[in-house]
Undergrad: 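To start, I am sharing the structure in question, which I have written as structure tokens.
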Amino acid sequence: MKVLILGGGGREHAIAWRLRQSPSVSQVFVAPGNPGCALVAECLPVHSPTCVGYLDVARRCRADLVISGPEAPLVDGVTDLFEKEGILFFGPSQAAALLEGSKIFAKRFMERAGIPTARFAATESLDEAKAALDQFTYPVVIKADGLAAGKGVVICWTRSDAEQTLDAMFAGQLVGAAGTRVVLEEYLTGEEVSFIGVSDGERIVSLEPSQDHKRIFDNDEGPNTGGMGAYSDSRILTVEERALIERTIMQRTIDRMREEGTPFRGFLYAGLMMTERGPMVLEFNVRLGDPETQALLHRMEGDFGLLVRTAAEGRVDERHLKFRPEPSVCVVLAAAGYPGKPRTGDTITGIEEAERRSATVFHAGTRIQEGRLATAGGRVLGVTSRGATLGEAIQRAYEACDVIHFDGMQFRRDIGRKGLRRWEGIAGA
Ligand code: AMP
Ligand code: GLY
């Protein structure tokens, strides 16, 4: 089977790398891909990043199965178009992708379905939003309704802070058009967990839990980013917690979406807060996470291609889903200036040496420039390792980071440390 992946970041490199090792997959294409993807797959140019543009690419390579890395094509309706054209696509329909495309849709859906989530108010004007602040204590969380590339969530510690944020959001200064409808939300505390399932529209099978590190600096300080690293370890959740999440969040979402006539087929990503009241949903994404995927797929065994294909065909087969017990860690190396406007064009060295030190280096923002590998985006590389223990996985990833160089390179030194701390005294940590 020939598989086409839409996108060109670290997540897509990891998907291509894993599919390349799937016995059922004969050829992997990535559109547009990046220099890392080109090491394991054939990269295809995208003349126009629209649904029709992607259809053209899929026809050119005669793909048997198509997967989207990012959410934008899904929210634009790429799945519906491919289905109409008779090409197998694994992803939610445009209607189901609203779980990520509209925070108001997602919150109202969770309310109807009885899925645990923070108390909220959905507002459509500045006056309404300011009035609704009365229903909340501080800090309060303010979220733009539409896709905002990770920039649509602001935590406000005082009323004046909240009013200023609302002013800026409704004026389009923070997230453009995404800010014309806004959700106010109760602030939750606890440990964040990324929980991802693969659904055929009726059943959903879970990947292992993982944890992202969203802030730019160690100890979760500084501004939010797309994700500075992730780790995956089975111990992130107890058996009971996992069963509770599967029952009250994942399967309940799939059941209700089907009942409402918008079945969800695809990767369902729940960003969870493990609160004292139990696991609660912070957000849904309708795709795999970045950089969680790099860590997760590094642990995955079995035929990922067949897992996705069976799910796309409406008969997800769990036998193709296997994980190694060893924990994995992905450390993101970011460019100077990130998460603001990143500097690009810096020469990258040391990747081969890093891979000799038992890491896999996934490319995110890289390009070939005058015959050399150079930085081309905010998140540049995802250095990923496994170990017999979480401590060993962390050590291997950082040993590999130490031999990679580009000017202005910045990365967090504490990816996975929370896990180490939590399991101190438990075997291996
Ligand atoms: P989201 O895009 O909705 O996941 O929000 C981005 C980040 O904001 C999350 O990963 C959390 O760290 C934080 N966040 C979102 N909603 C809440 C909430 N209700 N309480 C506390 N933190 C939140
Ligand atoms: N790592 C968070 C995301 O992919 O949205």
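Remember, it's a predicted structure, so these values are computed and weren't measured experimentally.
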Undergrad: With the side chain counted from C-beta on, respond yes when R235 and R422 share a heavy-atom pair under 4.5 Å apart, and no when they do not.
TA: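 Answer no - side chains too far apart.
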Undergrad: May I ask you to decide whether K143 forms a salt bridge with E283, counting only side-chain N to carboxylate O separations under 4.0 Å?
TA: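 Looking at K143 and E283, the cut-off is not met.
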Undergrad: Heavy-atom distance under 4.5 Å between the side chains of I249 and F195, does that happen here?
TA: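 Not touching, per the 4.5 Å side-chain cut-off.
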Undergrad: May I ask you to decide whether R396 forms a salt bridge with E399, counting only side-chain N to carboxylate O separations under 4.0 Å?
TA: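 No, this pair does not count.
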Undergrad: Using 4.0 Å as the upper bound for N to carboxylate O, is an ion pair formed by D402 and R357?
TA: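 Looking at D402 together with R357, the answer is no, because their closest N to O distance does not fall below 4.0 Å.
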Undergrad: Tell me the closest heavy-atom pair linking F406 and A335, and the distance in Å.
TA: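 Here F406 and A335 meet closest at CE1-CA, 4.0 Å.
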Undergrad: Are T79 and L74 close enough that some pair of their side-chain heavy atoms sits under 4.5 Å apart?
TA: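 Yes, at least one pair of side-chain atoms sits under 4.5 Å.
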Undergrad: Donor-acceptor pairs under 3.5 Å, side chain of residues 318-327 to any protein atom, not counting sequence neighbours: which ones?
TA:
| residue | atom | partner | partner atom | Å |
| --- | --- | --- | --- | --- |
| R319 | NE | D317 | OD1 | 3.1 |
| R319 | NE | D317 | OD2 | 3.4 |
| R319 | NH2 | D317 | OD2 | 2.6 |

Undergrad: Can you list the steps and then say if E185 with K107 is a salt bridge (charged side-chain N to carboxylate O under 4.0 Å, His left out)?
TA: CA-CA 10 Å; E185 202 174 281; K107 295 296 286 191; 3.1 Å; yes
Undergrad: Would you check if there is a donor-acceptor pair between the side chains of E292 and S194 at a distance under 3.5 Å?
TA: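 Yes, E292 and S194 have a side-chain donor paired with an acceptor closer than 3.5 Å.
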Undergrad: Only one of T360, T384, T293 clears side chain to side chain donor-acceptor pair (under 3.5 Å) with H298; which?
TA: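 Testing H298 for a side chain to side chain donor-acceptor pair (under 3.5 Å) against T360, T384, T293 leaves exactly one candidate, T360.
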Undergrad: Assess whether a salt bridge exists between D80 and K84, defined as any Lys/Arg side-chain N lying under 4.0 Å from an Asp/Glu carboxylate O.
TA: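 Answer for the salt bridge query: no.
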Undergrad: Between F267 and F90 (judged by ring centroids, cut-off 6.0 Å), do the two rings come close enough to count as a pair?
TA: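 F267 vs F90: aromatic centres under 6.0 Å.
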Undergrad: Examine the side chains of S22 and S24 and answer whether a donor and an acceptor come within less than 3.5 Å of each other.
TA: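 S22 vs S24: no donor-acceptor pair found between side chains.
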